[in-house]
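Encoded as structure tokens, the structure appears first; notes follow it.
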Amino acid sequence: MADLQGSAFILINPDCKESMMNKVIARFAPSPTGYLHIGGARTALFNWLLARGNGGLFLLRIEDTDVERSSQEMTRAILDSMHWLGLDYDQEPFYQSRRFEIYKDYIQKLVRTGHAYYCRCTPEEVEEMREKARGLGQKPKYAGKCREAGLQPGPDTVIRLKAPQVGQTVYQDQVKGSIAVDNTQLDDLVLERMDGTPTYNLAVVADDIEMGITHVLRGDDHINNTPRQLLIYQALDVAPPVFGHVPMILGPDKKKLSKRHGALSVMAYKEMGHLPEALVNYLARLGWSYRDEEIFSLKDLLQKFSLDNLGASACVFDTEKLKWLNSHYIKESSPERLAVILQEHLDASLPVPAQEYLEKVIPLLQPRASTMQEMAEMAHFFLVPDQELEMDQKAVDKFLTPEAREYLREVSEILAGMEEFDQENLEQAMKVYIEEKNIKFKAIAQPLRVALTGKTASPGIFETMQVLGRESCVNRLRRVQGL
RNA sequence: GUCCCCAUCGUCUAGCGGCCUAGGACGUCGGCCUCUCACGCCGAAAACAGGGGUUCAAACCCCCUUGGGGACGCCA
């Protein structure tokens, strides 16, 4: 790109179509100062889709230059979350903390070419300048005191970008459209701190150049950083990547999602019993749409995702819709897989059930549970020892009348004498019994349910009985006689 | 305060000047099914923030107002 510095109107990256022709290289660049939260996960997903959906590369960069707040554990946790969601990356992760030499080179190049200068102003002085600007009703910024001072490196100096003071910086945002900022709004940002470490904006630009990044999709909250970064690209005389800023995810109160109101980590959703494909599907639809469709697998998304269908406005995270998607995927999943997941959610006081048994229980719960946590609660009566089954007292009082107990006593004897203890034969046996007694099925359905499950709501009574098995059914029916 | 961004049912959204008496989905409310609870099916209520333009024609284009969000660090 030509050096346009100083011209009245600076147009950067007027059209991305040409670069779209080349191989897409996108990245996700989390800072390991916290868990991977819902917003970060969506950013990662979109970048992954952009790269993988176009035969490109998806790289990972760990922005751990803040040694104080970054940790190895958080990096691990972020990687685990991405793995759980099914977002894999190419090459080894790039760690900014190991790349300080590269940043030094970039900064020195800027100093050499006259695009950066040494500054001796103290943080207090700079703060005064900002205050002054604020007082004048202007945007707080560094006033440029050392800009023309021609200072040499020293122990108390930082390096600042010599940013253009006229014209404007314009770029085509892939989701927002044209964005323009007057250069007077921007100041000479610090590139290298007093301790010699690079600042965020410099490191990002240097890395994106080094990594060959073609597309930067990131949160809306970075929209104001983009013009600053563009200025660095310009000073470096390097063509910038394509930028796109996806809208923020808001909490139910329409405020930026934070730990206070449910900006939970990805892993928290796992613990609540959400399936990864449900979370991916939900996140994808938050800010993106494809006609009237709602259900998307990762594979569908790969094929259908495009920047064109990204929305521009902020959206509210809706737990109810997530749960609906989750219940959908629970219905779609195999009992084999769900059994493994369910184990993690079961009450620790329960005896560890066999995989085969869970696989019989789960089909009865699939249409009823919207999270695996819920399923674990529903599965409880299937797994608890007969003598420890908790009984809902209100249900007992209402349905286990003396008359009903007598029916149950007789039924328990019938069950004990049955040949094939399956749903079909159970239904037949009960039919015969109620005809014999000349009663309605309703007269014994709820008493049976309460006796067997302890509750008034459960899966179908015959399928429940078949899964529980003869022994448990008889045990439980006998047990209620004494209650 | 200054700058930037955004604005269709409660929520996620379709809509890219005429197909819109605004479509879908979640949720809500009815109904059907039914051994309970679910699932499923059927149906209903529910939105173009306001005001000016442009145009034969505006939810769609422009401007203003209002509202919301974000950013103004030697954090990332």
Side-chain angles (χ1 to χ4, degrees), chain A residues 29-33 63-66 68-70 96 119 121-123 126-127 130 133-142 157-160 173 175-177 179-182 184-187 189-195 197-201 203-204 219-227 245 247-248 250 252 254-256 282 285-295 308-309 311-325 327 331 364-370 378 395 399 427 430 440-446 448-450 453 455-462 464:
Chain A
S31 170
T33 53
E63 308 212 327
D64 56 352
T65 54
D66 188 338
E68 293 294 302
R69 299 195 301 144
S70 300
Q96 286 194 323
C119 167
C121 297
T122 64
V126 176
E127 186 46 41
R130 293 203 182 96
R134 244 188 286 262
L136 291 168
Q138 292 170 345
K139 190 156 175 127
K141 55 180 206 175
Y142 175 68
T157 57
V158 299
I159 298 177
R160 287 182 182 275
D173 192 285
V175 349
K176 306 275 189 185
I179 292 180
V181 179
D182 281 329
T184 52
Q185 296 299 322
L186 277 15
D187 65 358
L189 68 253
V190 172
L191 302 174
E192 185 178 290
R193 303 187 185 98
M194 222 150 68
D195 65 4
T197 59
T199 57
Y200 168 74
N201 281 306
V204 165
D220 220 341
D221 48 347
H222 280 98
I223 211 161
N224 294 304
N225 279 325
T226 306
H245 291 89
M248 300 274 83
L250 273 24
K254 301 222 177 196
K255 291 271 192 291
K256 185 182 180 180
Y282 181 71
R285 278 287 286 104
L286 214 49
W288 176 83
S289 63
Y290 189 79
R291 308 197 186 133
D292 278 347
E293 296 175 31
E294 295 287 350
I295 305 294
D308 307 336
N309 305 326
S313 52
C315 40
V316 174
F317 192 88
D318 181 10
T319 312
E320 289 306 312
K321 189 157 184 180
L322 204 213
K323 282 178 88 172
W324 172 72
L325 279 166
S327 60
K331 289 184 202 95
L364 312 198
L365 270 17
Q366 276 174 296
R368 279 164 251 263
S370 66
M378 291 174 179
F399 292 108
E427 196 159 353
M430 286 305 104
K440 297 272 191 200
F441 181 58
K442 291 208 185 225
I444 61 165
Q446 281 304 76
L448 256 180
R449 189 183 314 282
V450 171
T453 71
K455 299 176 293 187
T456 53
S458 81
I461 198 66
F462 299 117
T464 299

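To find a chain, count down the sequence lines: A is the first, B the second, and so on, and within it residues start at 1.
- In this structure, A:A29 reaches neither bases nor backbone, as no heavy-atom distance under 4.0 Å exists between it and the strands shown.
- A:T197 and A:R193 share a donor-acceptor pair across their side chains, judged by distance under 3.5 Å alone.
- Contact record, A:M378 with A:R368: CE-O, 3.2 Å, taken as the closest heavy-atom pair.
- For the C1' atom pair drawn from B:rA25 and B:rU21, the interatomic distance equals 22 Å after rounding to whole Å.
- Nucleic acid contact class of A:T65 (heavy atoms, under 4.0 Å, all strands): sugar-phosphate only.
- The P atoms of B:rC3 and B:rC61 are separated by 24 Å, rounded to the nearest whole Å.
- For the pair A:K139 and A:C315, both in contact range of RNA chain B, the more 5′-proximal nearest nucleotide belongs to A:K139.
- In a base pair of the Watson-Crick type (N1 to N3 plus N6-O4 or O6-N4) or a G-U wobble (N1-O2 and O6-N3), with each distance short of 3.5 Å, B:rG17 is matched with no nucleotide.
- Applying the Watson-Crick and G-U wobble criteria (two distances, each under 3.5 Å), B:rA49 pairs with B:rU65.
- Note that the first and last nucleotides of RNA chain B, 5' to 3', having any atom under 4.0 angstrom from a heavy atom of chain A are B:rG1 to B:rA76.
- At a threshold of 4.0 angstrom between heavy atoms, the contacts of A:R69 include nucleobase atoms, whether or not backbone atoms are also involved.
- A:S327 and A:A369 make their closest contact through CB-O, 3.8 Å (heavy atoms, listed as atom of the first residue, atom of the second, distance).
- Rounded to a whole angstrom, the distance from the P atom of B:rU66 to that of B:rU28 is 38 Å.
- When each of A:Y290 and A:I461 is assigned the nucleotide of RNA chain B bearing its nearest heavy atom, the one mapping closer to the 5' terminus is A:Y290.
- Pair check for B:rA71 finds B:rU2; Watson-Crick or G-U wobble, both atom distances under 3.5 Å.
- As judged by a 4.0 angstrom heavy-atom cut-off over every strand, A:K331 is placed among residues touching the sugar-phosphate backbone only.
- Counting any heavy atom pair closer than 4.0 Å across all strands shown, A:G287 reaches sugar-phosphate atoms only and no base atom.
- Across all strands shown, the partner of B:rC26 is B:rG10, judged by Watson-Crick or G-U wobble contacts whose two distances both fall under 3.5 Å.
- Using a 4.0 Å heavy-atom cutoff across all strands shown, A:T456 reaches at least one base atom of the nucleic acid.
- Classification of A:D220 and A:K176 as a salt-bridged pair holds, one side-chain N sitting under 4.0 Å from a carboxylate O.
- Among the atoms of the strands shown, only primed sugar atoms or phosphate atoms (P, OP1, OP2) are found under 4.0 Å from some heavy atom of A:E63.
- Taking atom P in both B:rA38 and B:rC19, the straight-line distance is 42 Å, to the nearest Å.
- Using Watson-Crick or G-U wobble geometry with both donor-acceptor distances under 3.5 Å, B:rG40 finds its partner in B:rC32.
- The backbone N or O of A:F317 lies less than 3.5 Å from no partner atom in the side chain of A:Y282, so there is not a single donor-acceptor pair.
- A:P459 comes within 4.0 angstrom of a base, heavy atoms only.
- Contacts of A:D64 with the nucleic acid, taken as non-hydrogen atoms under 4.0 Å apart, are absent.
- Rounded to a whole angstrom, the distance from the P atom of B:rU54 to that of B:rC62 is 15 Å.
- Nucleic acid contact class of A:C119 (heavy atoms, under 4.0 Å, all strands): none.
- Looking at every heavy atom in both residues, A:P459 comes nearest to A:R449 through O-NH1, 3.0 Å.
- Between A:E127 and A:R130 a salt bridge is recorded (basic side-chain N to carboxylate O distance below 4.0 Å).
- Judged purely by atom type and a 3.5 angstrom limit, A:K455 has no side-chain atom pairing as donor or acceptor with the backbone of A:A395.
- For the C1' atoms, the distance from B:rG43 to B:rG50 is 34 Å, rounded to whole Å.
- With A:E63 contributing its side chain and A:Q96 its backbone, the two residues share no donor-acceptor pair below 3.5 Å.
- A gap of 16 Å separates the C1' atoms of B:rC6 and B:rU65, to the nearest Å.
- B:rG18 and B:rA57 have their P atoms separated by 14 Å, with the value rounded to a whole Å.
- Base contact: A:V158 has a heavy atom under 4.0 Å from a base atom.
- The partner of B:rA58, taking Watson-Crick or G-U wobble pairs whose two distances both stay under 3.5 Å, does not exist in any strand shown.
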